[in-house]
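Residues take their numbers from the sequence shown, with the count starting at 1.
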Amino acid sequence: MTSTLIIAAIALSLIIGAAWGLFLPLPARLKGNAMAFGGGALLSSLVLELFVPAINSAGMSAAATALLLGALVFSVLDHVIDEVWTNAGGIAVLAAISLDGIPENFALGAEMAQSSGAGLSALAGAIFLSNLPEAAAGAHSMRDRWSRRSVMALWTGTALVLSSCTLVGRWALTDVQPESLSLISAFAGGAVIASLVTEIFPQAHREDDDLTGISSALGVICATMLSR
């Protein structure tokens, strides 16, 4: 029941965020700081709930290698998307968020397979907080080229696809050995860290270059409090 509620909440965050971007005002400063806060929360949760446990389970060298591989794979795929959809507007944003969301949700599923405590709550909360402004920004940039119905349909479909990634991570990894599971989580965490640095934080800073650093720090504090 808990896993179902978490998956539903994460999917709903994308749909709510898309509706926010389509139907409500979205000042640049609010958007930038919301993205920075969510990114800071997610970064903290990934380190505390995915990377540190991987170090404890598999050792520093193996965990660091898995993290770097995840970052490398994301960076290569992100570069391909940038090359193919340079001028595609909102579609490029949707593709980037989908690429970002796949390791995020897979990592969440992996965490479900090995934990049901504060660590899972912290990671789920951080993903929820980061999804809202990301989806809002993406839908907002698409509304001039697409009908609102089409944009909502695209984001709803994206939410369903990413929810399936969580389910795959949850059920496919249930019987995996803890050491291997921790390395898979670290790999997914590396991909998400790369996405935050290359996509989320730069966009947040462009929207508001005054307070986003503070907002990111507040996100780290909130996620750390949740994990404890």
| Cluster check V168, I184: I/L/V/M/F/W/Y, side chain < 4.5 angstrom | yes

| query | At what distance, to the nearest 0.5 angstrom, does CZ of F74 lie from NE2 of H79? | reply | 13.0 Å

| Considering all heavy atoms of both residues, which atom of W155 and which atom of E134 are nearest to each other, and what is their separation? | CH2-O, 4.4 Å

| request: Measure across E179 and S57 and return the closest heavy-atom pair with its distance rounded to 0.1 Å. | output: CA-OG, 3.3 Å

| Heavy-atom side-chain proximity of L167 to N105 below 4.5 angstrom | no

| Does T156 reach the main-chain N or O of A153 with its side chain, forming a donor-acceptor pair under 3.5 Å? | no

| Does A41 offer a backbone N or O that forms a donor-acceptor pair with the side chain of S44 under 3.5 Å? | no

| message | Are the side chains of T166 and F106 in contact, using a 4.5 Å heavy-atom criterion? | response | no

| Are F51 and L48 connected, step by step, through hydrophobic side chains (Ile, Leu, Val, Met, Phe, Trp, Tyr) whose heavy atoms are closer than 4.5 Å? | no

| Taking atom CG of L5 and atom CD1 of I10, what is their separation to the nearest 0.5 Å? | 11.5 Å

| remark: d(L14 CG, S163 OG) to nearest 0.5 Å is 7.5 Å

| query | Is the closest side-chain heavy-atom distance between F37 and L129 below 4.5 Å? | reply | yes

| request: Answer whether the closest heavy-atom distance between the side chains of L42 and L123 falls below 4.5 Å. | output: yes

| task | Calculate, to the nearest 0.5 Å, the distance between atoms CE and CZ belonging to M35 and F201 respectively. | result | 9.5 Å

| query | Which heavy-atom pair separates A186 from A63 by the least distance, and what is that distance? | reply | CB-O, 4.0 Å

| Same cluster for F187 and L183 if Ile/Leu/Val/Met/Phe/Trp/Tyr side chains link at under 4.5 Å? | no

| request: Following the transitive rule for hydrophobic clusters with a side-chain heavy-atom cut-off under 4.5 Å over Ile, Leu, Val, Met, Phe, Trp and Tyr, establish whether L69 and L77 coincide in one cluster. | output: yes

| Gap between atom CG of L108 and atom CZ of F128 - 0.5 Å precision | 13.0 Å

| query | Under 4.5 Å between any side-chain heavy atoms of I6 and M112, yes or no? | reply | yes

| task | Measure the CD1-CG distance between I7 and L160 for me, rounded to the nearest 0.5 Å. | result | 12.0 Å

| remark: For E207 and G32 the tightest heavy-atom approach is CB-CA, 3.6 Å

| query | Would you say I15 and M152 make side-chain contact, with heavy atoms under 4.5 Å? | reply | yes

| said: Distance alone, cut at 3.5 Å: any donor-acceptor contact between the side chains of S147 and S150? | reply: yes

| task | Can you see which heavy atom on A54 is nearest to which on S182, and at what distance? | result | CB-O, 3.4 Å

| field | A159 to A11 - nearest heavy-atom pair and separation | value | CB-O, 3.6 Å

| task | Kindly work out whether a path of hydrophobic side-chain contacts (I/L/V/M/F/W/Y, heavy atoms less than 4.5 Å apart) joins V220 to I200. | result | no

